[in-house]
Amino acid sequence: MEGALKLKEISYIHAEGYPAGEMKHGPISLIDRKMPVVALVPQDDLYEKMLSNVNEVKARRGSVVAVAAEGDKHISEKADEVIWIPKASANITPILNAIPMQLLAYYIAVERGCDVDQPRNLAKSVTVE
């Protein structure tokens with residue numbers, strides 16, 4: 001979800017982040033050849049569900065960019081592209097996943113000609129009264 005937020009904030013592209021179990025409750029109906037999907041595929045208790053989701057995207061001719069641990073042969077056979085992160089504990093993997101998401105948003109924004117240093121309509125701080 002953090003990656004989707006950053007993509008919206010600096011590249012002005014609509015993006016959504018969904019837990020693995022919710023993909024079949026709406027988002028899957030939007031997938032076609034024009035809809036890229038970024039799948040975070042940690043080797044944890046949801047690994048098989050994520051592989052199943054990747055298969056569902058491919059069955060609808062969507063393209064998949066996966067973020068996965070180095071050496072994951074299953075995802076490399078299924079995804080169109082893989083961004084490799086080091087193998088790590090379950091506590092560290094979310095942090096490692098965030099890094100390529102931030103960079104992906106940054107490079108997409110740069111490619112689109114967006115000002116990544118001063119995104120429009122974002123306050124530098126939020127005040128609550």
K.L.:
Would you say V65 and P36 make side-chain contact, with heavy atoms under 4.5 Å?
P.N.:
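When only atoms from C-beta onward are counted, P36 and V65 do not touch, as no gap falls below 4.5 Å.
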K.L.:
Give every residue pair that meets the side-chain hydrogen bond (donor to acceptor under 3.5 Å, both in side chains) criterion with at least one member in residues 8-21, sequence neighbours excluded.
P.N.:
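Output for this query lists K6-E9, H14-E16.
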K.L.:
Could you please spell out the steps behind the side chain to side chain contact (heavy atoms under 4.5 Å, CB included) verdict for Q102 and I99?
P.N.:
CA-CA 5 Å; Q102 295 278 328; I99 297 166; 5.9 Å; no
K.L.:
Return yes when atom CZ of R61 has more than 12 non-hydrogen atoms of other residues, nucleotides or ligands closer than 6.0 Å, and no otherwise.
P.N.:
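Count not over threshold, so no.
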K.L.:
How many angstroms lie between CE in M1 and CG in L40, if you round to the nearest 0.5 Å?
P.N.:
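So the CE of M1 and the CG of L40 are separated by 10.5 Å.
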K.L.:
Can you check whether V37 reaches I31 side chain to side chain, under 4.5 Å on heavy atoms?
P.N.:
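In short, these two side chains touch, coming nearer than 4.5 Å.
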K.L.:
Looking at P94 and A90, what are the two nearest heavy atoms and their distance?
P.N.:
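Closest pair (atom of P94, atom of A90, distance): CD-O, 3.2 Å.
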K.L.:
Just grab all the salt bridge (Lys or Arg N to Asp or Glu O under 4.0 Å) pairs involving residues 69-93, residues at least two apart or on different chains.
P.N.:
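Of all non-adjacent pairs touching residues 69-93, those that pass salt bridge (Lys or Arg N to Asp or Glu O under 4.0 Å) are K58-D80.
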K.L.:
According to a 4.5 Å side-chain heavy-atom criterion applied to Ile, Leu, Val, Met, Phe, Trp and Tyr, with indirect links allowed, do V41 and I85 form part of one hydrophobic cluster?
P.N.:
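V41 and I85: separate clusters.
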K.L.:
Measure across V38 and M101 and return the closest heavy-atom pair with its distance rounded to 0.1 Å.
P.N.:
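Closest pair (atom of V38, atom of M101, distance): CG1-CE, 3.4 Å.
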K.L.:
Give the minimum heavy-atom separation between A20 and N53, together with the two atoms involved.
P.N.:
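What the structure gives for the nearest pair is O-ND2, 2.9 Å.
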K.L.:
Please name the pair of heavy atoms, one in A68 and one in V82, separated by the smallest distance, quoted to 0.1 Å.
P.N.:
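Nearest pair, atom of A68 first, then V82: CB-CG1, 4.2 Å.
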K.L.:
For E22, check side chain to side chain donor-acceptor pair (under 3.5 Å) against everything at least two apart and list the hits.
P.N.:
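With sequence neighbours excluded, E22 shows a side chain to side chain donor-acceptor pair (under 3.5 Å) to no residue whatsoever.
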K.L.:
Are side-chain heavy atoms of I13 and R112 found at a separation under 4.5 Å?
P.N.:
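With C-beta onward as the side chain, the pair touches.
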K.L.:
Mind listing the closest non-hydrogen atom pair of I95 and N91 along with its distance?
P.N.:
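Closest pair (atom of I95, atom of N91, distance): CD1-O, 4.4 Å.
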K.L.:
If you round to the nearest 0.5 Å, how far is CG of L104 from CD1 of I108?
P.N.:
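If I round to the nearest 0.5 Å, the distance is 4.0 Å.
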K.L.:
I need the I83 CD1 to N97 CG distance, nearest 0.5 Å.
P.N.:
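The CD1 atom of I83 sits 10.0 Å away from the CG atom of N97.
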K.L.:
Return the set of residues passing side-chain contact (heavy atoms from CB on, under 4.5 Å) with A88 (not counting sequence neighbours), or none when no residue passes.
P.N.:
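Testing A88 for side-chain contact (heavy atoms from CB on, under 4.5 Å), a comparison that skips the adjacent residues, returns I92, T93, L96.
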K.L.:
CE of M23 to OG of S52: how many Å apart, nearest 0.5 Å?
P.N.:
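Output value for this atom pair is 8.5 Å.
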K.L.:
Which pair of heavy atoms, one from A39 and one from V64, lies closest together, and at what distance?
P.N.:
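That closest heavy-atom pairing would be CB-CG1, 4.3 Å.
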K.L.:
Can you list everything that forms a side-chain contact (heavy atoms from CB on, under 4.5 Å) with V116? Sequence neighbours excluded, please.
P.N.:
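Result, side-chain contact (heavy atoms from CB on, under 4.5 Å) vs V116: I10, Y106, A109, V110.
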K.L.:
Once salt bridge (Lys or Arg N to Asp or Glu O under 4.0 Å) is applied, what residue pairs with a partner in residues 44-57 remain, sequence neighbours excluded?
P.N.:
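Qualifying pairs: K24-E56, E56-R60.
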